[in-house]
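Everything below concerns the one structure shown next.
Predicted model, so just to flag it, every value in this text is computed and none were measured. The analysis underlying the following values was restricted to heavy atoms, covering all of them including side chains, and did not include hydrogens, waters or symmetry mates.
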Amino acid sequence: MNIQTLGVKIGKKIIQIISQQIINYTTSEQFQKRVSEMLDGVVDKIVKAVLSENKSR
């Protein structure tokens, strides 16, 4: 096995490991909870801005 083939195999394994970690993180309950909280906060700010704008008219 030459050095290029070995490098490609190692690179593929590293990509596989990183990909699995990303999948594990984005499907975790903690990640989903953070995204949900962030979206709730954004929606809350949008609603407050719209209500504030309507009051000032």
Checklist entry - Can you name the residues that form a side-chain contact (heavy atoms from CB on, under 4.5 Å) with Val43, not counting sequence neighbours? => result Val47
Checklist entry - Residues two or more places apart in sequence or in another chain: which of them pass side-chain contact (heavy atoms from CB on, under 4.5 Å) with Lys13? => result Gln16, Ile17
Item to check | Between CD on residue Glu29 and NZ on residue Lys33, distance to nearest 0.5 Å | outcome: 8.5 Å
Checklist entry - Between CG of Leu6 and CG of Asn2, what distance do you get to the nearest 0.5 Å? => result 8.5 Å
Next on the checklist: Let me confirm one number: the CG-NZ distance from Asp44 to Lys48, rounded to the nearest 0.5 Å.
Outcome noted: 4.0 Å
Next on the checklist: For Glu37, I'd like to know if atom CD has over 12 heavy atoms of other residues, nucleotides or ligands within 6.0 Å.
Outcome noted: yes
Next on the checklist: Within the supplied structure, the quantity of interest is the number of heavy atoms (other residues, nucleotides, ligands) at a distance under 6.0 Å from Leu51 CG; does it exceed 12?
Outcome noted: yes
Item to check | From Asn24 atom CG to Phe31 atom CZ, the distance as rounded to the nearest 0.5 Å | outcome: 12.5 Å
Next on the checklist: Test of understanding: clusters of I, L, V, M, F, W, Y form through side-chain heavy atoms closer than 4.5 Å, transitively. Do Tyr25 and Met38 belong to the same one?
Outcome noted: yes
Checklist entry - Is Val35 close to Gln32 at the side-chain level, that is, under 4.5 Å between some pair of heavy atoms? => result no
Next on the checklist: Is there a path of hydrophobic side-chain contacts, each under 4.5 Å between heavy atoms of I/L/V/M/F/W/Y residues, joining Ile10 to Ile18?
Outcome noted: yes
